[in-house]
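Read the structure below first, then the notes.
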2 protein chains.
Amino acid sequence: MKKSIENKSVKMRDVADHVGVSVATVSRALRNPEVVSEALRTKIAAAIESLGYLPDPAARALASTRSDVIGVILPSVTNNVFSAVMDGIYSAAEGTRYSVQLGYSRYAPLSEENLIRLFLRQRPTGLIVTGIDQTDAAKALLQEADCPVVQIMETGPAPHDRMIGFSHYQAARAATAHLIAQGYSQPGFLGARMDPRTQRRLQGFRDELRAHGIDEGRRVHSTTYPSSVTLGGHLLAQLMDAAPETDAIFCINDDLALGAMFEAQRRNLRIPQDLGICGFNDMEMMGAAEPSLTSVRTFRREMGAGAVQLILDALSDGARSDGNIVDLGFEIMPRHSTRRNS
Amino acid sequence: MKKSIENKSVKMRDVADHVGVSVATVSRALRNPEVVSEALRTKIAAAIESLGYLPDPAARALASTRSDVIGVILPSVTNNVFSAVMDGIYSAAEGTRYSVQLGYSRYAPLSEENLIRLFLRQRPTGLIVTGIDQTDAAKALLQEADCPVVQIMETGPAPHDRMIGFSHYQAARAATAHLIAQGYSQPGFLGARMDPRTQRRLQGFRDELRAHGIDEGRRVHSTTYPSSVTLGGHLLAQLMDAAPETDAIFCINDDLALGAMFEAQRRNLRIPQDLGICGFNDMEMMGAAEPSLTSVRTFRREMGAGAVQLILDALSDGARSDGNIVDLGFEIMPRHSTRRNS
DNA sequence: TTGTAGGCGTTATCAA
DNA sequence: TTGATAACGCCTACAA
C-alpha cells in the first residue's frame with residue numbers, strides 16, 4: 001500500500017489507462033456512477049484507490065463552471081458565538097463532497113460586500129452569510145447569485161433566499177420579561193460593539209420595559225468596543241455609578257455578564273438579591289459559574305448545521321424556493337443569578 | 001459606477017478587448033506588472049476597475065499549477081486558543097493575494113493526514129499545520145510538499161520546514177516552579193483531552209516536581225474528555241476528594257482553571273490561601289476574574305500571523321531553508337490566585 | 001514590450 | 001454504455 005504517498009500527480013488519465021477505459025468514463029464513474037456499468041465502476045474504484053488518485057478541484061471547477069465549495073462569511077473570527085456556528089457548518093459539510101471556504105468581514109459591511117463578490121466569483125455550491133444588514137450592492141449580488149444563499153443568525157423580513165436563525169428582538173424582550181417577573185424593577189442594559197444585531201436586542205429590552213411602564217432612566221450603558229469580560233466589569237461599574245438604583249442587568253452577551261458578575265463580587269453586591277444578572281447565548285461556562293448565571297440559550301451549532309442542510313436541500317429541490325425561513329427560537333435558562341423570588 | 005454588479009462573467013478576454021491588447025498582456029499586467037509598459041498598465045487597471053473584472057481562481061490555479069491559497073489545518077474549531085491563532089492568520093493574509101483555506105482534524109491524526117493530502121492536491125502556496133504529532137504518512141507528505149510548510153504551536157526537533165511556537169514542556173515547568181516558589185508544597189494537576197501537546201505539559205509538571213523532590217501523590221487528575229469550565233469543576237472536586245492535602249493546582253488551560261475556581265468557591269476554599277490556581281494560555285478573562293487568575297501567557301495571535309509571514313518569507317527567499325524555528329516563548333502572569341507570599 | 005498558441009485536468013456534448 | 005473532443009479561463013514559453 002504505497003498509495004498514500006504516490007499521489008503527487010496521479011490524474012484521471014492515469015486511472016483511465018490503468019483500467020483501460022477513456023477518461024470520460026472515469027469522470028462519469030465519479031459524477032454519475034449510475035450510468036457506468038457495474039463492472040467498470042468497481043474496476044475504476046479499485047484503480048483510484050490503488051493509485052491514490054485525488055481529483056484536481058481547480059480543473060473540476062473550471063470545467064464544470066461550479067466549484068464544490070460552500071462559502072461562509074462571518075463577522076468575527078474570535079467571537080465564540082461564531083466558533084459554534086462554524087462547528088455546526090463543518091460538521092454538516094463533513095462527509096459530503098463540499099468543502100467550506102471561510103471569510104471574515106470583521107463587522108464591516110463593505111468588507112462583507114467584497115467577500116461576497118469574491119466568493120461568488122468562484123461559482124460556489126452555496127453561500128452562507130451572517131445577518132440581514134448587507135449593503136445595497138451586497139444585497140443585489142445575493143439576489144442575482146446563481147446558487148442557494150442562506151442568511152444565518154436572524155429571522156426577519158425579505159430573505160434573499162433562505163434563512164435560519166431567531167429573533168434577537170424577541171429574545172431580548174423575553175429576557176427582560178424574565179427579569180421583571182423575578183421582581184426586579186430597575187433593570188439596566190449592558191452592551192458592546194452595538195452592531196445592528198445588538199441594537200435589535202437593545203430595542204427589545206426597551207420595548208419590554210415600556211410595556212411594563214418602566215422608565216429606563218440612566219440604566220442603558222453601551223459602547224462600540226468589542227465585548228470582553230473585562231469590559232463587562234467596566235460597564236457595570238459605570239452603570240452602578242450612574243444609576244445606583246439598578247437592581248438587575250441584561251447583558252448583550254455572556255462575556256459581559258461574566259465580567260459584570262466579577263465586578264459585582266468586587267463591589268460586594270449580592271447576586272441575585274442586590275443585582276440580578278442575565279447574559280445572552282448561554283455559553284457553556286454560564287451553568288458552571290458560581291453563582292450560576294441566567295442566560296438566553298441560542299442554537300448556534302444548529303444554525304450552522306442547518307444552514308448547510310438548507311443548501312443541500314436547495315440543491316436537490318432544484319428550484320429556488322424563496323421565502324424559506326427557519327426559526328430556531330431561543331430559550332431562557334433561569335439560574336441562580338436571577339433567582340430572587342423562589 | 002455599475003461595476004459592482006456587472007461582473008457576473010467579465011473575463012480577461014473582455015478586459016483585453018476593452019483596452020485593445022491581448023489577454024497575455026492583461027495577464028502580465030496582473031502577475032508581473034513591471035514588464036508591462038506604464039501606459040498600458042494604467043489603461044488595463046482602469047478597464048479592470050470599470051468592468052469589475054475579477055480573476056477566476058480555478059482557471060488561475062489550473063494554468064499556473066499553483067493556487068493562491070494558504071492551507072491551514074487546526075485540530076479544533078471551537079477551542080478559542082485556535083480562534084486566536086486563526087485571527088492572526090487571517091490578519092496577516094489580508095491584503096495579500098492569498099486566501100486562507102481551513103481544515104479541522106478534530107484532534108484525529110488520521111483526519112489530519114487526509115486533510116494534508118487533500119490540501120496538497122490543490123498545490124497551495126503554503127501549508128500551516130498544528131503541532132508535531134503527525135502520522136508517518138502525513139510526515140512523508142509534508143516532507144515531499146513542494147510548498148513551504150509551517151508547523152505551529154510548538155517548537156521541537158526536526159521541523160519539516162519551518163516552525164513557530166513555544167515549548168509546552170518548559171512552559172509547564174515554569175508554571176509549576178511558580179507555584180512552588182509561592183510556597184505551595186502539594187501542587188496538583190488538572191488535565192483534559194490529553195492530546196500529545198497536553199501530555200508534554202504534564203511531563204513538564206512532573207519533572208519540575210521531581211526537581212524539587214516533591215512526590216505527585218494522587219494529585220494528577222485528568223481525562224480525555226474535551227475541556228470545559230464545567231469539567232474543571234468536576235476535576236477539582238475529584239482531586240480534592242482524592243487528595244485533600246492539595247494546596248495548589250496547575251490547569252492545562254484556562255477553562256479548567258476557571259471551573260476549578262468556581263468549584264473552590266463552592267467548597268469555601270480560600271484562594272490563594274487554601275488553594276492556588278494557575279491556568280494556561282492567559283485568555284482575556286483571567287485578568288478580569290475575581291479573584292484574578294494566574295496563567296501562562298502564550299502568543300497565539302502572533303503564532304498565526306508569524307506562520308503566514310514565514311510562508312511569505314519562504315516564497316521570496318526562494319530556497320527552502322530547513323530548520324527554521326521561531327520560539328515565541330511564554331510568560332508567567334502572576335495574579336491574585338497564586339499570591340500567597342506577598 | 002507585446003502577441004501567438006499550446007496546455008493545465010476535468011467536464012460535457014455528441015456520436016458510436 | 002462508452003469514447004472522442006471541444007470547451008472552461010488563464011498562464012507562459014516562444015516569437016515578433
Side-chain angles (χ1 to χ4, degrees), chain A residues 7-45 47-48 51-69 97 99 118 120-125 146, chain B residues 7-45 47-48 51-69 97 99 118 120-125 146:
Chain A
N7 58 6
K8 294 213 69 164
S9 50
V10 182
K11 39 206 64 158
M12 196 176 274
R13 171 85 266 158
D14 302 317
V15 176
D17 291 350
H18 192 268
V19 180
V21 296
S22 71
V23 291
T25 303
V26 178
S27 178
R28 281 190 216 101
L30 257 30
R31 314 290 284 190
N32 308 57
E34 62 279 10
V35 307
V36 176
S37 68
E38 175 75 37
L40 278 185
R41 227 187 309 164
T42 52
K43 284 170 86 172
I44 290 173
I48 287 177
L51 295 176
Y53 166 75
L54 280 176
D56 181 329
R60 239 181 180 17
L62 185 57
S64 66
T65 59
R66 175 104 291 164
S67 71
D68 285 346
V69 336
R97 45 185 281 213
S99 66
L118 202 64
L120 248 26
R121 193 70 180 84
Q122 310 182 36
R123 291 166 250 97
T125 292
D146 71 334
Chain B
N7 58 6
K8 295 210 69 163
S9 51
V10 182
K11 37 207 67 158
M12 196 176 275
R13 171 85 265 155
D14 303 317
V15 176
D17 290 350
H18 191 268
V19 178
V21 296
S22 70
V23 290
T25 303
V26 177
S27 176
R28 281 189 214 101
L30 256 32
R31 314 292 284 188
N32 307 58
E34 63 277 11
V35 307
V36 175
S37 68
E38 176 75 37
L40 279 184
R41 229 186 309 165
T42 51
K43 285 169 85 171
I44 291 174
I48 288 177
L51 295 176
Y53 166 74
L54 279 176
D56 180 328
R60 239 182 181 13
L62 186 56
S64 66
T65 59
R66 175 103 294 164
S67 71
D68 284 345
V69 337
R97 44 185 280 213
S99 66
L118 203 63
L120 248 25
R121 194 68 181 85
Q122 310 183 34
R123 290 166 251 97
T125 292
D146 71 333

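What you see is a predicted model; the values in this text were computed from it and never measured. Each chain gets a letter, A, B and so on, in the order its sequence line appears, and its residues count up from 1.
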Exercise for review: Start with the C-alpha gap between A/Asp14 and A/Lys11, add the side-chain angles, then the distance that decides, and say whether side-chain contact (heavy atoms from CB on, under 4.5 Å) holds.
Suggested key: CA-CA 5 Å; A/Asp14 302 317; A/Lys11 39 206 64 158; 3.5 Å; yes
Practice item. Apply side-chain contact (heavy atoms from CB on, under 4.5 Å) to the pair B/Arg66 and B/Asp146, showing each step before the final yes or no. Key: CA-CA 10 Å; B/Arg66 175 103 294 164; B/Asp146 71 333; 3.4 Å; yes
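Rounding to the nearest 0.5 Å gives a distance of 13.0 Å between CZ of B/Arg41 and CZ of B/Arg28. Rounding to the nearest 0.5 angstrom, the gap separating the CD1 atom in B/Ile44 from the CE atom in B/Met12 is 9.5 Å.
Checking C/dG3, C/dT11, D/dC11 against the side-chain heavy atoms of B/Ala24 singles out C/dG3 as nearest. Closest to the side chain of A/Ser64, out of C/dT11, D/dC10, C/dT4, is C/dT11.
Note on B/Val26: nothing from the nucleic acid sits closer than 4.0 angstrom, heavy atoms only. B/Arg31 comes within contact range of the sugar-phosphate backbone alone, with a heavy-atom separation under 4.0 Å but no base atom that close. B/Thr25 comes within 4.0 angstrom of the backbone, heavy atoms only, and of no base.
Per the geometry, CZ belonging to B/Arg123 stands 7 Å off P belonging to C/dG9, to the nearest Å. Rounded to whole angstrom, the span from the CD1 atom of B/Ile44 across to the P atom of C/dT1 amounts to 13 Å. Rounded to an integer number of Å, the gap from B/Arg121 CZ to C/dG9 P is 8 Å. Rounded to whole Å, atom P of D/dC8 lies 19 Å from atom CD of A/Gln122. Rounding to whole angstrom units, CG of residue B/Asp17 and P of C/dG3 are separated by 11 Å.
With respect to A/Asp17 and A/Arg13, a salt bridge is recorded, a charged nitrogen being found less than 4.0 Å from a carboxylate O.
The base of D/dG3 is paired with the side chain of A/Arg28 by a donor and an acceptor separated by under 3.5 Å.
Comparing B/Val23 and A/Val21 by the nucleotide of DNA chain D that holds the closest heavy atom to each, the one mapping nearer the 5' end is A/Val21. Each of B/Ala63 and B/Gly20 has a nearest nucleotide on DNA chain C; the 5'-most of these lies closest to B/Gly20. The residue among B/Lys11 and A/Ser37 whose nearest nucleotide of DNA chain D lies closer to the 5′ end is A/Ser37.
Within residues 55-62 of chain A, the residues approached by DNA chain C to less than 4.0 Å at the level of any non-hydrogen atom are A/Pro55, A/Asp56, A/Ala59, A/Arg60, in residue-number order.
A donor-acceptor pair under 3.5 Å is formed between the side chain of A/Ser64 and the backbone N or O of A/Arg60. A donor-acceptor pair under 3.5 Å links the side-chain atoms of A/Thr125 to the main chain of A/Ser67, judged by distance alone. With hydrogens and angles disregarded, a donor-acceptor distance shorter than 3.5 Å links the side chain of A/Asp56 to the backbone of A/Ala58.
At least one side-chain heavy atom of A/Leu30 sits under 4.5 Å from a side-chain heavy atom of A/Ile48.
Inter-axis angle, ends of the helix from C/dT1-D/dA16 to C/dA16-D/dT1, five pairs per end, rounded to 10 degrees: 30°.
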